[in-house]
*Asks:* 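Mind having a look at this structure? Questions to follow.
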Amino acid sequence: MAGFAAILRKDLRLELRAGESVLTLVALALLILVVMVFALNPAGGARDAGTAAGALWVALIFAGTMGATRSLAAERENGCLRALLLSPVDRATLFCAKLTAAFIFMAIAEAAAVFVLVLFFNLDFDARLLRLGPSLALGALGFAALVTLLAAIAGRLRAGDLLLPLLAVPMFVPALIAGVKGGELALAGSPLGAAAQWLKLLAAFDVLFLSAGYLLFEYAIGDD
Amino acid sequence: MTAPPIEARGLEQSFGFTPVLRDVNLRVEPGAGVLICGRNGAGKSTLLSLLAGLGTPTAGEALLFGSPSNRLAPALRRRLGLLSHQSFLYPNLTARENLTFFCALYRIHNPAPLVQSWIERVGLAAAAEERVRGFSRGMEQRLALARALLPTPDVLLMDEPFTALDPEGAALAAALVREALARGCAVLLTAHQVAQPGSLALAPYELVRGRLVRLDAALNLRDSAPSGSGGAEGSRRNSPTVV
């Protein structure tokens with residue numbers, strides 16, 4: 001637990017100091033949302049919940065992928081990842097700390113993206129946005145777990161940065177569909193119970209990705 | 001019989017079809033020091049990486065405390081200090097924050113006095129609150145020395161520790177190695193040349209075409225600092241051998 005807290009605290013401190021991951025995530029998410037707004041509804045004034053939820057998730061997936069890549073790339077500078085691997089902290093703890101940091105950064109990007117989504121898609125700041133919370137939180141957790149695991153593999157490969165989205169997005173598609181559907185129902189004003197089946201699916205994928213990451217991270221990260 | 005802190009048995013490493021290490025056998029007892037020399041590309045860093053567990057040998061075994069080094073239990077990893085050609089320091093953290101972070105990783109309680117003493121010991125008191133990104137290579141090497149020695153390791157692997165250090169820094173590094181030997185730490189150090197700063201009593205070897213060869217004369221340089229006799233004699237008594 002001490003190792004987990006130390007690594008997480010260090011990641012947050014580095015982020016507060018440099019702001020590289022969060023700023024990149026937020027900027028990329030916003031850019032994608034802007035493009036989507038004009039691409040999907042050039043005339044403006046859209047209130048299509050499905051389109052809005054889809055645009056939000058596309059932005060989050062690409063921003064989240066980039067965030068995870070940067071997180072482990074930063075550890076490779078000066079060989080710091082090797083120092084972590086040589087320390088008495090076990091690999092599963094390292095995975096949990098990196099995943100938690102990635103989740104926090106994604107959550108911040110989500111909050112910014114939702115704010116912009118409301119403006120660009122002419123939505124209202126009302127209770128429907130709160131109903132987006134569960135699907136976004138579950139989706140971000142699962143995606144953070146998946147990309148943290150895959151970034152450990154991709155970081156050891158030549159052109160791994162290019163490979164990561166090619167690996168992560170197809171594997172996340174079922175959860176992505178559930179996230180978009182859950183988000184669509186929330187934005188359409190349906191009660192939370194209506195999205196229960198999608199939230200359960202997201203939770204199931206979270207369990208899958210978290211378990212896989214916890215068990216396989218040691219092999220994925222290897223000896224660097 | 002307890003296992004030696006550092007041991008290589010028939011260690012071989014190849015990259016593709018290029019052999020880098022061939023049948024390397026080495027045993028370093030507690031309190032003993034070994035110096036491995038060799039040209040650029042001789043395989044010194046590869047040997048150190050394998051012994052540290054950062055890689056899987058093509059054949060043979062790299063053992064620390066009798067366990068395969070790449071599958072060390074966390075409790076045994078705690079007893080290893082590695083000074084690599086990379087500093088393992090976070091550029092955007094200050095010197096103090098870096099050392100405090102490593103104290104937390106190694107579960108050192110109440111780290112502040114220890115961190116302060118190491119910062120002063122390596123001569124970085126004036127730069128303690130500066131980010132490592134702004135450090136010179138020599139300052140970074142000094143801090144890396146503190147990082148490697150902070151958890152008081154029982155095995156110390158050092159890849160060209162005197163690189164980038166000024167004479168004062170090199171003497172400091174030599175003194176730290178002597179102190180480690182004196183308290184029973186097994187030390188393996190690599191360098192381009194046999195001649196090293198300070199008065200270090202290390203058993204010299206050379207990597208020649210991937211094979212480890214014992215050099216004739218024992219290394220005992222006499223150029224500056226007074227001899228750390230306890231460590232030197234201890235290391236001679238427990239002189240490592242190529243099997």
Side-chain angles (χ1 to χ4, degrees), chain A residues 1-24 70-98 100-101 105 152 155-156 158 214 216-224, chain B residues 45 48-57 62 64 68-94 97-98 100-109 111 131-133 135 137 140-141 143-144 147-148 150-151 153 155 157 159:
Chain A
M1 197 61 197
F4 171 85
I7 296 168
L8 180 60
R9 201 165 45 238
K10 181 264 300 171
D11 278 358
L12 296 179
R13 173 174 285 163
L14 286 174
E15 189 54 39
L16 279 174
R17 195 159 287 172
E20 290 173 352
S21 291
V22 167
L23 282 179
T24 309
R70 290 183 65 89
S71 172
L72 275 176
E75 290 291 357
R76 287 192 161 88
E77 192 175 4
N78 280 357
C80 293
L81 183 58
R82 290 185 153 198
L84 292 180
L85 297 179
L86 287 171
S87 77
V89 175
D90 63 53
R91 291 357 180 208
T93 303
L94 175 58
F95 169 74
C96 292
K98 301 306 289 183
T100 306
F105 299 155
R156 300 167 67 193
R158 201 176 295 166
Y214 190 84
L216 300 177
F217 190 74
E218 178 170 3
Y219 306 101
I221 199 88
D223 41 35
D224 192 40
Chain B
S45 298
L48 228 67
S49 290
L50 290 178
L51 287 170
L54 295 169
T56 305
L64 291 180
S69 59
N70 59 352
R71 293 197 297 276
L72 278 188
L76 290 181
R77 284 206 299 271
R78 196 195 183 292
R79 299 170 65 189
L80 167 67
L82 173 66
L83 183 75
S84 165
H85 56 91
Q86 291 179 299
S87 68
F88 295 176
L89 297 166
Y90 290 91
N92 280 331
L93 292 184
T94 66
E97 287 168 346
N98 263 293
T100 305
F101 171 63
F102 283 100
C103 280
L105 286 187
Y106 283 81
R107 297 184 183 186
I108 296 170
H109 299 293
R131 292 188 198 181
V132 169
R133 188 173 292 286
F135 278 17
R137 181 72 185 94
E140 199 169 334
Q141 184 75 347
L143 191 61
R147 178 204 46 79
L150 194 72
V155 164
L157 305 174
D159 197 357

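Note: hydrogens, waters and symmetry copies are ignored here, and every other heavy atom, side chains too, is used. Below, read A as the first sequence line, B as the second, and so on, with proteins coming before strands; counting in each chain starts at 1.
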*Asks:* With a 4.5 angstrom heavy-atom cut-off, is it the side chain or the backbone of B/L82 that approaches chain A, or both, or neither?
*Replies:*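 Only the side chain of B/L82 comes within 4.5 Å of chain A.
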*Asks:* Between B/T100 and chain A, which part of the residue has a heavy atom less than 4.5 Å away: side chain, backbone, both or neither?
*Replies:*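 No part of B/T100 comes within 4.5 Å of chain A.
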*Asks:* Indicate the atoms forming the closest heavy-atom contact of B/S49 with A/R82, along with that distance.
*Replies:*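 Here B/S49 and A/R82 meet closest at OG-NH1, 4.0 Å.
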*Asks:* As an exercise, state the distance from CZ of B/R71 to CD of A/E218, rounded to the nearest 0.5 Å.
*Replies:*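 Rounded to the nearest 0.5 Å, the CZ-CD separation comes to 10.5 Å.
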*Asks:* Counting only heavy atoms not in B/R107, do more than 12 fall under 6.0 Å of its CZ?
*Replies:*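 Not buried by this count: 12 neighbours or fewer within 6.0 Å.
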*Asks:* Would you mind checking which part of B/R79 comes under 4.5 Å of any heavy atom in chain A, side chain (CB onward), backbone (N, CA, C, O), both or neither?
*Replies:*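 Neither the backbone nor the side chain of B/R79 comes within 4.5 Å of chain A.
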*Asks:* When heavy-atom pairs shorter than 4.5 Å are enumerated against chain B, which of A/T93, A/D90, A/I7 gives the highest number?
*Replies:*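 Option with the greatest count: A/I7.
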*Asks:* The test is side chain to side chain contact (heavy atoms under 4.5 Å, CB included); show your working for B/L93 and A/R17 and say whether it passes.
*Replies:* CA-CA 9 Å; B/L93 292 184; A/R17 195 159 287 172; 4.0 Å; yes
*Asks:* Do B/E97 and A/R9 sit within salt-bridge range, that is, some charged N less than 4.0 Å from a carboxylate O?
*Replies:*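 Here B/E97 does not pair with A/R9 in a salt bridge, since their nearest N and O are not under 4.0 Å apart.
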*Asks:* Kindly give the heavy-atom pair with the smallest separation between B/R77 and A/S87, and that separation in Å.
*Replies:*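 Scanning both residues completely, I find the closest heavy atoms to be NE-O, 2.7 Å.
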*Asks:* Measuring from B/L105:CG to A/L94:CG, what's the distance to the nearest 0.5 Å?
*Replies:*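 Interatomic distance, B/L105 CG to A/L94 CG, rounded to 0.5 Å: 9.5 Å.
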*Asks:* Name the residue from A/L86, A/N78, A/L81 that meets the side-chain contact (heavy atoms from CB on, under 4.5 Å) definition with B/F88.
*Replies:*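 Exactly one candidate clears the test, A/L86.
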*Asks:* Counting only heavy atoms not in A/F4 (residues, nucleotides, ligands), do more than 12 fall under 6.0 Å from its CZ?
*Replies:*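 Above 12, so yes.
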*Asks:* I need the residue from B/A75, B/A104, B/S87 with the largest number of non-hydrogen atom pairs under 4.5 Å to chain A.
*Replies:*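 Result: the option with the highest number of such pairs is B/S87.
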*Asks:* Under a 3.5 Å threshold, yes or no: a donor from one side chain and an acceptor from the other, between A/E77 and B/Y90?
*Replies:*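 Side-chain D/A pair, A/E77 to B/Y90: absent.
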